[in-house]
2 protein chains.
Amino acid sequence: MSRPRPSGTTRIQREKRSAIFQAALDIFAENGLRGATLDQIAARAGLSKPNVIYYFEGKEAIYTELLESLLDVWVDPLRQLSADGEPIEEILAYTRRKLAMSRDMPRESRLFATEIIQNAPRVRAVLEGPLKSLVDEKAAVVAGWVREGRIAPVDPYHLFFSLWAMTQHYADFDLQVGTVLGPARDQTRYDDADAYLTSLVERLLRV
Amino acid sequence: MSRPRPSGTTRIQREKRSAIFQAALDIFAENGLRGATLDQIAARAGLSKPNVIYYFEGKEAIYTELLESLLDVWVDPLRQLSADGEPIEEILAYTRRKLAMSRDMPRESRLFATEIIQNAPRVRAVLEGPLKSLVDEKAAVVAGWVREGRIAPVDPYHLFFSLWAMTQHYADFDLQVGTVLGPARDQTRYDDADAYLTSLVERLLRV
DNA sequence: AAAAAACTTGACCGATTGGTCAAAGCGCCC
DNA sequence: GGGCGCTTTGACCAATCGGTCAAGTTTTTT
């Protein structure tokens, strides 16, 4: 409240706020909110600490704004799941979208994972509202497919849980996956995962 | 180095060290190493901060000792996977052991999850050594079952990844699971998960 | 029961933390 | 090019951090 926010949005504001978000994503994903420091974020963004505070109310504000700005992107793959398509193809496409997000946005995945593990005091409302509604809606679609006999009987909610778990695992537990697979399979990791998940979904859902 | 460790192990030492471990498990699982404070741990254990330091070298020592003491328990379910049993029954039993661990040891699950997500600088050696060996050994068993045509062809490593991911998901993402399922299904959550995973494993592996 | 050993803690310390503030720099429009 | 508002920062602050220490209390040993 005490600090007057700049009124109009200038070019510099867009650039610097974006740089801070990028830096904060790195730092928060690796250490969580409490484990991250403003100095780390400022250093990574190439700014001084007071300068960071000039653009955001404080450390927690960076965290919550970052989280909220990512939530939409994060649940978007599920939004695209269409009741009109061929059921198994739809679920396979959803699985691939989620796996691609693990490959291309591992920091975001880790950020959410850390937040949820630590009881998400900051995104609880979003989980309980929009996310739950969306999942309920799409679960109903899957339940419809089951009723029509177009896929094998399956609990839609646990199906989603397992898809989330398996795809996000490759981002969140990247270190473990890399260690167990060894350097030889570093290149093909996500291709192998894609093939495995494709086969799993088909076997699970084919009537 | 400076502080002389007590020589023999007394009753009080066992009790207090155990109390500190329990408290530390709570705190570390929720905040990670950097996010946890000695004051929090001491308060939860019902001790003064200097008293905690009396029993451990420092915060990091509590963390690493805790982690190491849990590692054995954590990978034990996989160790029990026997090449002599009926393949699908063996993998189902393994899945159930892992799911039971999520139900009964959620804090431990979250502690490991946080550690791995944050690049596990402290358990890397264990991952690269003993864990990798164990997984390689058991993956060979599964590969053997595939070769003999006793289960459907799968990549053993990705099979393990998916089982880890799905079972641990119920502990690590408990808040999300609970929110999506709603209070009505709170009681049956783990029974439903068990039924779902049983069906998934059977459909995935049955020839 | 007395001495030794083990245990406990209030007071304290230097380092780091999130955040403030006044003053100096900079860019952009007239 | 001069002025005004946006931007930047060095110096600083109170709070909290991990950890120390000397002095006391309790438990165990003899």
Side-chain angles (χ1 to χ4, degrees), chain A residues 1-28 30-67 114 118 121-122, chain B residues 1-28 30-67 114 118 121-122:
Chain A
M1 284 306 119
S2 60
R3 173 180 309 281
R5 291 285 99 211
S7 42
T9 302
T10 71
R11 170 185 56 89
I12 293 182
Q13 278 172 39
R14 277 194 306 277
E15 288 173 4
K16 293 295 166 67
R17 279 179 62 95
S18 162
I20 293 170
F21 271 141
Q22 283 302 313
L25 183 54
D26 273 349
I27 305 297
F28 284 138
E30 274 210 11
N31 298 102
L33 171 60
R34 296 202 45 168
T37 74
L38 277 175
D39 288 300
Q40 289 178 299
I41 295 171
R44 174 92 40 137
L47 302 173
S48 67
K49 184 168 64 171
N51 206 1
V52 171
I53 294 295
Y54 175 75
Y55 288 105
F56 290 88
E57 297 274 334
K59 187 172 84 160
E60 244 189 74
I62 304 176
Y63 188 76
T64 52
E65 286 191 42
L66 179 62
L67 221 47
T114 305
Q118 297 180 1
R122 272 153 265 273
Chain B
M1 286 307 120
S2 58
R3 174 178 309 281
R5 293 284 100 211
S7 42
T9 304
T10 71
R11 170 186 57 88
I12 293 181
Q13 280 173 37
R14 276 193 308 276
E15 288 173 5
K16 294 293 166 68
R17 280 179 61 96
S18 163
I20 293 170
F21 272 140
Q22 285 300 314
L25 184 54
D26 273 348
I27 305 297
F28 284 137
E30 274 210 10
N31 299 101
L33 172 58
R34 294 203 45 166
T37 73
L38 276 174
D39 287 299
Q40 287 178 298
I41 295 171
R44 174 92 42 139
L47 302 174
S48 67
K49 185 167 64 172
N51 205 359
V52 170
I53 295 295
Y54 176 75
Y55 288 105
F56 290 88
E57 297 274 335
K59 188 171 84 159
E60 245 189 73
I62 303 176
Y63 188 75
T64 52
E65 285 190 43
L66 179 62
L67 221 48
T114 304
Q118 298 179 0
R122 273 153 265 274

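What's counted below: heavy atoms across the whole structure, side chains too, no hydrogens, waters or symmetry copies. Residue numbering restarts at 1 for every chain, and letters A, B, ... go by the order of the sequence lines.
Nucleotide dC17(D) holds its P atom 11 Å from the CD1 atom of Ile41(B), rounded to whole Å. One atom, CG of Asn31(B), and another, P of dC17(D), lie 11 Å apart when rounded to the nearest Å. When rounded to the nearest whole Å, the span between CZ of Arg14(B) and C1' of dC7(C) equals 15 Å. For the pair Ile20(A) CD1 and dT7(D) C1', the interatomic distance rounds to 12 Å; values are reported in whole Å. Arg34(B) places its CZ atom 14 Å from the C1' atom of dT16(D), with the value rounded to the nearest Å. Nucleotide dT17(C) holds its P atom 9 Å from the NZ atom of Lys59(A), rounded to whole Å. The interatomic distance linking Ile53(B) (CD1) with dT20(D) (C1') rounds to 10 Å, in whole Å. Computed from coordinates, the Arg17(B) CZ to dC7(C) P distance equals 11 Å when rounded to whole Å.
Paired with Glu65(B) under the rule salt bridge (Lys or Arg N to Asp or Glu O under 4.0 Å), one option of Arg122(B), Lys59(B), Arg17(B) passes, and it is Arg17(B).
Residues Ile62(B) and Val52(B) meet the side-chain proximity criterion, which asks for heavy atoms closer than 4.5 Å. Taking 4.5 Å as the limit, every side-chain heavy atom of Phe56(A) sits out of range of all side-chain heavy atoms of Tyr63(A). Annotation: side chain of Tyr55(B) is in contact with side chain of Asn51(B) (closest heavy-atom distance under 4.5 Å).
Phosphate contact (OP1/OP2 of dC6(D), side-chain N/O of Tyr55(A), threshold under 4.0 Å): absent. Regarding contacts with the backbone of dC7(C), a side-chain N or O of Gln13(B) is found under 4.0 angstrom from either OP1 or OP2.
Across dC7(C), dT8(D), dG19(C), the shortest atom-to-atom separation from the side chain of Lys16(A) is found for dT8(D). Listed nucleotides dG18(C), dT7(D), dT8(C) differ in distance to Asp39(A); the shortest reach to its side chain belongs to dG18(C). Ranking dT17(C), dT8(D), dT9(C) by closeness to the Tyr54(A) side chain, first place goes to dT8(D). Proximity note for Asn51(B) (side chain, C-beta onward) versus dT9(D), dT17(C), dT9(C): the nearest is dT9(C).
Between the NZ atom in Lys49(A) and the CG atom in Asp39(A) there is a gap of 4.0 Å [rounded to 0.5 Å].
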Dump the pairs, protein N or O against N or O of nucleotides 10-14 of chain D, anything under 3.5 Å, distances to one decimal.
none

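No donor-acceptor distance shorter than 3.5 angstrom exists from the side chain of Glu30(A) to the backbone of Ile27(A), with no hydrogens or angles considered. Under a 3.5 Å cut-off, the side chain of Ser18(B) and the backbone N or O of Arg14(B) do not form any donor-acceptor pair.
Within the nucleic acid shown, Ala36(A) comes within 4.0 Å of sugar-phosphate atoms alone, with no base atom in reach, counting heavy atoms only. The residue Ala61(B) sits apart from the nucleic acid: no heavy atom pair falls under 4.0 Å.
When the nearest nucleotides of DNA chain D are assigned to Leu47(A) and Leu38(B) by heavy-atom distance, the more 5′-ward of the two goes with Leu47(A).
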